[in-house]
Amino acid sequence: MKIFIDTAELDEIKRAVSWGIIDGVTTNPSLIKRAVDRRKGKISMEDYIKEIVKASPGPVSLEVIGRRANEMIEQGMLLHEKFSPFGEVAIKIPVNPSMNDDENIDFDGLKAIRRLSSEGIAVNTTLVMTPEQALLAAKAGAAYVSPFAGRIDDYIRANMGMRIGEDFQKGDYLNHDLLRRARDKILGDAMASASSVREIYESRLINSVADQGHDNGVYSGVDLVARILRIFRAYGFKTEVIAASIRNPRQVREVAELGVHIATVPFNVLKGMIKHYKTAEGMRRFMDDVVPQYRELFMKKKEL
Ligand code: E4P
């Protein structure tokens, strides 16, 4: 599995690259704005992005800001032309750039993906929230799709009335297994008194419980990734899946278990992945047990 770092902070990129585990970088306009603001006018945005591209060992995803197909195509080509001399660049295109129902631009993202991909430019399809969107992006020729695992977990919790920052924190793991078992338990109890399949199927109470804890049959952000992988494997799509909007190490583990091609991971989550209480405790014990004689082995080696 490839690991991208999900940040526009150059220091974080360089540090993570120095650990020897980074294969690329993903950015978005919000991440770049924050990073450049922190430099208080000391570097232009263009030069800053060049530095990111130079620092990355693999593709850097840069996002367009247009919402019409023509704008996105033009901007994608411009970004590619400007920054690809400094390293590998992928262009991030939203799967659907529409912000409300009456805009009539639902398919402009796909049109832009098709055109840029046919020009040989790698497209990273962003804001993918359903397997259906991922399927369409793959059909349009995208090199990558980025399902937003964390935001789907947020949405599932929001639909249960849970508020971010109050009932749960952004980095909290969504225990989808517990959710499934809770739903099964309540459904089992509610079904126990029914006398026909139809009664269960039509029961408002049962349907309202069955509707909880998922988004139209997607049970978590990790489940979204699993379903997309299943579809791509079934048809042999070459499009790679980037598990994005990753919030905690356990999500990284779960998408890795699925065999996802890439996870794009924020710096803090990467730092969390290396830690375990027993590892640190084990280190303390080993270090306590180092006897002078053992230490001498290394001293002799140095003198040679
Ligand atoms: C990835 O490229 C996305 O921009 C990013 O993963 C979004 O993460 P968030 O949902 O934590 O903001």
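In this chain, residues are counted from 1 in sequence order. Counting convention: from 1, in listed order, for ligands and their atoms alike.
Protein residues lining ligand 1, listed by chain and number: D6, T26, N28, K92, F148, R151, K170, A244, S245, R247 [non-hydrogen atoms, distance under 4.0 Å].
Judged by distance alone, with hydrogens and angles left aside, the side-chain atoms of E166 form no donor-acceptor pair with the main-chain N or O of M162 at under 3.5 Å. A donor-acceptor pair under 3.5 Å is absent between the side-chain atoms of E63 and the main chain of N28, judged by distance alone. Remark: the backbone N or O of E199 is not paired with any side-chain donor or acceptor of E202 at under 3.5 angstrom.
Between the side chains of T26 and D6, a donor-acceptor pair is found at a separation under 3.5 Å.
The ring of H176 has its center no closer than 6.0 angstrom to the ring center of Y219.
Atom CZ of R204 has 12 or fewer neighbouring heavy atoms from other residues, nucleotides or ligands inside a 6.0 Å radius.
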